[in-house]
Amino acid sequence: MLSRFALYFDEVARRGSIRRASEHLHVAPSAIDRQILKMEERLGVPLFDRRPHGLRLTAAGEVLIAMVRRWRRELAAAESQIDELRGLRRGEVTIALAEGSSEFVTRALLSFRSLYPGIVFRLQIAASQAVVDLVLSGDVDMGATFNPPERQELRVARALVSQIGAVVMPDHPLANESEVTLDQCCAYPLVGPDENHSLRGVVNRAWVSNLGETPRFSASANSVELIKALVMGGMGIGLLTPIDIVAEAEQGVLRFIPLKGSGIPLSVLSIISASGRQLSPPAALLLRHLADENEAV
């Protein structure tokens, strides 16, 4: 009963609705409601405020959901460790990715899967700070994010440092340069990250340091994929890191030119986990693999 209740309770808390939890779990709403009502009767307090537009955890519900999620993580970790002892090499790993890190992580997952084909991955894209929050809350096992804050509860397994530069089409007038200045880039329309992207702060600091002003873009976006598409569509020069265009550079459809100048800051892609939490064996294996792949880049 406890494991069934934990599953139902967690899903309703995440989705704010018994109906939506029912649709996701493929379980009758009445069965979910019955489990929650039984636990409320047992505890003598309501776990949800039942509102016209959905359910919201009560104070008691918040206390219980934290315990239930911790218990589910620990149970999954124990099951994975038992599987390891039995040599099954299976399990599940959840990962949050900052937009722009997916290409690197995807390559690492493909090589990892060849070693451990039974492990399942659950991936989600989030803003850089949201990746940190998801890791610290325990909603994911690990994350890949840019320029994470220095916090005691955050463990950085590896950090991949790169410098921003100009991303151009092969036929662009600057394509054959080994380095370019921001002055050279400003002679052309520019496409870069918007204020919601972690790379924008790096770009802004480079601009202020070298030109004494903030950048003016012909187009900006919170998506690396969209920035690359705009560059390939002829919108202008993109401002990204070499990590962002690995596949396109290999295919010869885009070229990366490092920026030269004073005070060009670095962008840091970090593989992170929560320092106070023990990872399951599959997650620990993947974290080590990502760190090794990071060092090889």
Side-chain angles (χ1 to χ4, degrees), residues 1-81 91-99 120-145 148-149 151-155 196 198 222 272-280 282-284 286-287:
M1 173 189 170
L2 184 57
S3 60
R4 186 180 307 151
F5 163 76
L7 175 64
Y8 295 173
F9 178 52
D10 194 1
E11 201 63 38
V12 173
R14 290 180 190 279
R15 300 182 183 276
S17 164
I18 288 177
R19 178 183 59 79
R20 288 194 290 270
S22 167
E23 292 171 352
H24 181 75
L25 296 171
H26 304 292
V27 175
S30 59
I32 296 175
D33 192 37
R34 186 164 53 250
Q35 289 288 333
I36 292 173
L37 290 173
K38 283 182 179 179
M39 185 57 72
E40 288 180 328
E41 182 180 355
R42 177 178 176 180
L43 296 174
V45 292
L47 299 175
F48 291 100
D49 286 328
R50 289 160 171 80
R51 303 182 175 191
H53 301 293
L55 303 180
R56 183 175 179 179
L57 287 167
T58 62
E62 293 282 1
V63 170
L64 187 58
I65 196 65
M67 185 186 70
V68 163
R69 288 174 178 170
R70 183 169 61 252
W71 174 76
R72 292 188 69 193
R73 287 195 303 268
E74 291 173 353
L75 178 61
E79 290 174 341
S80 294
Q81 290 176 32
E92 178 178 299
V93 184
T94 54
I95 315 168
L97 310 176
E99 217 280 335
V120 175
F121 310 112
R122 307 291 183 197
L123 312 174
Q124 60 177 298
I125 297 291
S128 292
Q129 182 56 48
V131 171
V132 174
D133 295 339
L134 287 166
V135 168
L136 292 179
S137 68
D139 287 335
V140 298
D141 296 311
M142 67 190 71
T145 190
R151 297 175 59 173
Q152 186 175 3
E153 64 267 38
L154 198 65
R155 179 172 60 224
N196 295 313
S198 63
N222 65 350
I272 61 173
S273 63
S275 57
R277 186 180 310 127
Q278 183 177 357
L279 293 173
S280 67
L286 178 58
L287 190 67

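This structure is a prediction, so every number in the text was calculated from the model and none was measured.
Looking at every heavy atom in both residues, V140 comes nearest to A96 through CG2-CB, 4.0 Å. The shortest non-hydrogen separation linking P148 to V132 is CB-CG2, 4.3 Å. Across all non-hydrogen atoms, the minimal contact from V68 to A6 is CG1-CB, 3.6 Å.
Residue pairs meeting the ring-ring contact (aromatic ring centres under 6.0 Å, His included) criterion with at least one member in residues 21-47: none, sequence neighbours excluded. Counting only residues at least two apart or in different chains, side chain to side chain donor-acceptor pair (under 3.5 Å) contacts with residues 43-54 comprise E40-R50. Legend: salt bridge (charged side-chain N to carboxylate O under 4.0 Å, His left out) pairs involving residues 122-131, not counting sequence neighbours, sorted by first then second residue: E92-R122. Residue pairs that meet the salt bridge (charged side-chain N to carboxylate O under 4.0 Å, His left out) test with at least one member in residues 19-36, sequence neighbours left out, are R19-E23. Sorted by first and then second residue, the side chain to side chain donor-acceptor pair (under 3.5 Å) pairs involving residues 125-140 (not counting sequence neighbours) are S128-S198, Q129-D133, S137-D139.
Within a 6.0 Å sphere centred on CZ of R56, heavy atoms belonging to other residues, nucleotides or ligands number 12 at most. The neighbour count for Q278 CD, taken as heavy atoms of other residues, nucleotides or ligands under 6.0 Å away, does not exceed 12.
In this structure, the side chains of I18 and F48 stay at 4.5 Å or more apart for every pair of heavy atoms. With contacts defined as side-chain heavy-atom distances shorter than 4.5 Å, the pair V27/Q35 does not qualify. Counting heavy atoms from C-beta on, the side chains of V12 and L47 never come closer than 4.5 Å.
To the nearest 0.5 Å, atom CG of residue L279 and atom CZ of residue R73 are 11.0 Å apart. For the atom pair S273 OG and R155 CZ, the distance stands at 3.5 Å (nearest 0.5 Å). Note that the CD1 atom of I125 and the CD1 atom of I95 stand 10.5 Å from one another [nearest 0.5 Å]. Note that CG of L154 is 4.5 Å distant from CD1 of I272, once rounded to the nearest 0.5 Å. Here CD1 of I36 is found 7.0 Å from CG of L55. Values are rounded to the nearest 0.5 Å. With rounding to the nearest 0.5 angstrom, the CE atom of M142 is 10.5 Å from the CG atom of L97.
For L75, the side-chain contact (heavy atoms from CB on, under 4.5 Å) partners two or more places apart in sequence, or in a different chain, are W71, E79. R69 pairs by the salt bridge (Lys or Arg N to Asp or Glu O under 4.0 Å) definition with D10, not counting sequence neighbours. Qualifying side-chain hydrogen bond (donor to acceptor under 3.5 Å, both in side chains) partners for T94, counting only residues two or more places apart in sequence or in other chains: D141. For Y8, there are no ring-ring contact (aromatic ring centres under 6.0 Å, His included) partners at least two apart in sequence or on another chain. A130 is linked by a side-chain contact (heavy atoms from CB on, under 4.5 Å) to A126, A127, counting only residues two or more places apart in sequence or in another chain. Taking the side-chain contact (heavy atoms from CB on, under 4.5 Å) definition, one finds that V45 meets it with L43, A60, sequence neighbours left out. Residues forming a salt bridge (Lys or Arg N to Asp or Glu O under 4.0 Å) with R15 (at least two apart in sequence, or on another chain): E11.
Proximity of a side-chain donor or acceptor of S280 to a complementary backbone N or O of V93 within less than 3.5 Å is not detected.
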